[in-house]
Amino acid sequence: MRSVPIGRFAPLVILVVLAVLPYSTLQVPVLFDGLLNSPGTLQLLALCLLFGGLALSYDLLFGFTGLLSFGHALYFAGGTYVANLALTELGWGLGAALLLTTAVGTVLPLLVGSVALRVSGIAFSMVTLATAQVGSILVLQDPGGYTGGEEGLALDRGQVPDAFVGVFNTVNLYWLALVYLTVVYVVVSWVTRSRAGRVWQAIRENERRVEVLGLRPYTFKLLVFVLAGLLAALGGVVHLLVLGGSTPRTTTSEFTLSLLVMVVLGGAGSRWGAVLGGVLYTYLDSRLTDLASSPAVQDLPEWLRVPLSEPLFLLGSLFVVVVFFVPGGIAGLVDRLRSRRRRGEDDGPAPGRVVEQLKDRVGAGMSGPRDGI
Amino acid sequence: MSTIVLLTVTGLGLAALYFLVASGLSLIFGLMGVLNFAHGAFLTVGAYGTWWAAGHLPGAGSTGWSFVLAVVFGVAVGTAVAALVELALIRPLYERHIEQVLVTVGLSLAMVALVRAIWGADARPFPRPEWAQRTTSLLGANVPNDRFLLIGTAVVVLVAVLVLLRSTRIGLVIRAGVENRTMVTALGIDVRKAFTLVFAVGGAFAALAGSLGGVYLGSISPGQGTSLLIFAFIVVVIGGMSSITGTAVAAVLVGLVQQYANYYAASGVGDLSVVLLLAVVLLTRPSGLSAKVA
Amino acid sequence: MSTTEPTAAQRPVVLQLTDVHVRLSGSHILQGVDLTVRRGGVTALLGRNGAGKTTTVKSVLGLVPAAGTIELTDAAGRVHRLTGRRTHEVVRLGVGYAPEDREVFGGLTVAENLALAERRGSAHHPDRVYELFPELQQRSRQLAGTLSGGQQQMVAIGRLLLNDNQVLLVDEPTKGLAPLLVTEVAEVLARAAEEVTVLLVEQNLSVVRRMAIDAAVVDNGRVVWTGSASELLADADRTRELLGVATSAPLDESRSHSSSGAEGRTREDLPARRSRSAPAPEVGG
Amino acid sequence: MTTQTEPGPPRPAPSGGGGPVLRVAGLTCAIGGAVIVSDVSFDVAPGEFIAVIGPNGAGKTSLFNLLSGLMPATGGTVTLAGHDVTTASPATRARRGLGRTFQSSSVFAGLSVAENVRLAAQARLGGSLRFWQRVRPDDEAQQVATRSLERVGLAARSRDLAGSLSHGDKRKLELAILLATDPAVVLLDEPMAGVSIEDVAGLTEVIGAVHREEGKTVLMVEHHMDVLLGLADRVAVMHHGSLLALDTPARVTADPAVQEAYLGDAL
């Protein structure tokens, strides 16, 4: 309880610091190339914040409810492509495009979820993976030339408010990403502490027990699936504006897997852990790419240079190391360091537990408990 | 008629590819409870191993027996990598399934990235033996020979796996382990040896699929394994998760549906209909087509 | 039953549990179990449901994480520490296990179930099992999952007899079996016990009475009573106190001494509307 | 104290007159050729307390699983308060007033004790889908939860994680969860298993009080004969998946067939 005053205000303090950050002209030598408020740095930071929010939306599914979806990319990609098509092809305004994206971002996960959630465990994961693959195929097939195939789809900037166009306005995109992250954080905080949030946690712990209490887990899982999908779709719109286009990379299963990596890295079931995981992953992904092309690496002997030139190799390896040695991710580590044994009611689940909990969902149905639960 | 023959044989060839990948996946899942995301990487390793051997390994090449040698090399590398992964990374996490799955996710990202770092992201032309490039006339259709190569290999592998499972002691251990691992250890059997074996065998099949997939597609790229893996996953789920015969049936079903739909509807519709097939099977028979091993 | 059983103190120890603790998902299930199993005959492990009998057996096999010391003394007098060993290693040292619910492999044939259990250099041939259970020989090619509960139990016990074991851990072998089969299983166990020590978890006290030399009673994760089985079962009060079941004394008499206070009140406070003339019980076939 | 369980005169019929609250007819469950529960039929009057006894593996827990919908019946019907619920989901049966506890305690280990019970209260009171409404420490569900916890004597531990409770306390928590769902028919599966002797009296007290004061219908599987016979109006004896007998405690315990099945033939 003693850490509550700090704990309660920490997000607010961080928000304020992040909000005023673009006014700083600091030079952070190793971490960032240019000044802190240079367009390049701000765009990287905007992406970090955006993926922090996206990772949190995934954690709502995975960490808080125990749903291992492999198709979260579908809703994010759906967001960028639908908004892009509305703006570029239909020539709609941003507001109308946002409305359409919201509608699609609700209906699409509702449709997929209502089918996928009829099965559980690995089968659920596979159905989500397969449906997301449909999205990926659709985008790459480029039906009617609408999606741009492998090239991606550039955004018609004429339909976007001027404030979000041009290098000088990168700061506005940064703030937009910050707003997105804040919205996701507030929504996730709110709903996980809501009446339904209690049920989600209970479903993660023991789904059949929830059923015996007279609640239909299906409805609750569908609710959280749609909510997480919608948050991801909105993130897609922000991604579209920050990048100035849609890229097919966001549709791939690899993209969903990287979301899983982010969440586990930061700590599944922890709000700030997931955000931190998303931020860190995105930052490393970008900086390691820069590092690979830097002279320092280019001069290295080949056996060192080659692996270092692929950020995903380093991130993948880092992830394996984290799974092995830091169960519960960063949040789990901090939790252990604080060694708080009892957790207040407003805290999320212990990050390490989530992964432990999901064991049964992935297991091969071994000789389990025999009396029904 | 000739179109139907060609489509059918091509669909069966694709099914053979899916089966090679999926059989290992389903054995690993059935016995160890691990959904192996690194399986696509094993495939990529096998494909690049074969490709490298054909160009660099003395005695190996792209024709006749020298191509066979190249494939043997690629499969050996794939097997070794799979066995190593099991021993070094999966075994220490014994019975911690979700962490094992996460490790394979990390590996799938890292290994594909490593291949990309070494040989680049672009597709490379794959050595194709001359025989595979020719066609054979079958019921009026000119069927490319590589289809027969794929189907023949898959049938041999299917028979070999069934023989292994049904008439060897290790097969007995695997079948029993799929039912109840704990009880197998309680009979004094170190079930982890079977784990390593199954992982290595699965890796070998995936690598073989990589080599033959290279012949079939004519080129290889680092991401090939991952996209094949997703269809292999679908095959495994439709086939009932841990059944070899179920997997074989599901592979044929998926391969044919995909080919026919792609031809008669439009390119890409085949992939969609496979997903639809998965949804239909899961909704009508939640445990897949078959729930028995072997 | 053998009439010249050596007294407990004379028989050498085969299995020794000292201060064994098991914690599972937050629950402290075994809270310092001390248990000695002596060579020869049957030692019965008794106790109420949920007292920790099955967990005790599983802790020996390493199927649950256990703290404390568990030692096996083989026939040559060598002492093996079992704690910390993996299950298959424990079994190879000569600990046979027939789990509660039998757990035969339903998708394997009877012959395959037995073949699986045969360890390298195993002492006996499946024929020995078939001699004991001729019923199994006829069904050797049948899937074990299609056998009756009693036949499955024969497979579960039969597979223990294929190897030379120091001690057999048998968990509720008569659970859910028809009376005739209970007798049959008990006979087989008795025959096995002539050759190898058996630690038997059993609820059926008549089986215990017929076979067990020693008995230990577990309650709340501790061994609360050890001694001679016949002594325990001869003392109805103690049996009821320790096991929560009435034995030879008629139930409705014995209850009047010890029933909890709730009983008396229950009857007196019964609301008048409550009825005994509920529909007549239909006894299912 | 006197013995109260002699075969007494039949008590008057329930004035409610609404027929049985639970009717089981020909209930059968066979899995892969093995018959687990075989043609079980009985009626339970409102407010009745039925003890279910039988040797291990006789099908008592399976019967409860069939009643609560966790296992599918392969034959027969289950009627709950006049509604056929044979094919209904566990959730539907729970909403129709059927509650149960589990043999192996299955509380939500990662949630606090209070949250466990709150969830149950919330399930009954409705509005669980309100993801926009934050949980308040003073709402009705919370009050019900607090009362239930006080009732079983766990109020002091309400902020602890349920997983950290002792076995006996988990059992009490199960009861509290059950109380909070306020079911008309209560299935208790060995509520005393693994509970220390001191706790048995307390739990018996709570169960007795629930039955008496709230007029709940109770079916309880239990091995503690003392507990059972003190509480039960009728005793059902299961054996090999069948209902061997269902009668007053005194008659059942005097039945030689029951003695043989349950207590062992040699005793």
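Keep in mind that what you see is a predicted model, and the values were worked out from it rather than measured. Below, read A as the first sequence line, B as the second, and so on, with proteins coming before strands; counting in each chain starts at 1.
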- Begin with the C-alpha distance, continue with both residues' side-chain angles, and end with the deciding distance and a verdict on side chain to side chain contact (heavy atoms under 4.5 Å, CB included) for B/Val178 and C/Phe105. CA-CA 10 Å; B/Val178 169; C/Phe105 299 98; over 6 Å; no
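Of all heavy-atom pairs between B/Met183 and C/Pro99, the closest is SD-CG, 3.5 Å.
Interface remark: B/Val184 contributes backbone and side-chain atoms alike to the contact with chain C (heavy atom separation under 4.5 Å). Looking at C/Leu108, the atoms closer than 4.5 Å to chain B (heavy atoms on both sides) sit in the backbone and in the side chain alike. The contact between C/Val104 and chain B is made entirely by backbone atoms, counting heavy-atom distances below 4.5 Å. Proximity to chain B (any heavy atom under 4.5 Å) is restricted, for C/Glu118, to the backbone atoms N, CA, C and O.
Note: B/Thr185 OG1 to C/Leu63 CG = 6.0 Å, rounded to the nearest 0.5 Å. Between atom OG1 of residue C/Thr87 and atom CZ of residue B/Arg181 there is a gap of 12.5 Å, rounded to the nearest 0.5 Å. Going from atom CG of B/Leu187 over to atom CG of C/Leu160 covers 8.5 Å, rounded to the nearest 0.5 Å.
A salt bridge links C/Arg86 with B/Asp190: at least one charged nitrogen is closer than 4.0 Å to a carboxylate oxygen.
Side-chain atoms of B/Arg169 come within 3.5 Å of backbone atoms of C/Leu116 as a donor-acceptor pair (strictly under, hydrogens ignored). At distances below 3.5 Å, not a single donor-acceptor pair connects side-chain atoms of C/Glu112 with backbone N or O atoms of B/Leu172.
Counting non-hydrogen atoms of other residues, nucleotides and ligands closer than 6.0 Å to CZ of C/Arg141 gives a total of 12 or fewer. With a 6.0 Å radius and a threshold of 12 heavy atoms from other residues, nucleotides or ligands, C/Lys58 has its NZ atom at or below the threshold.
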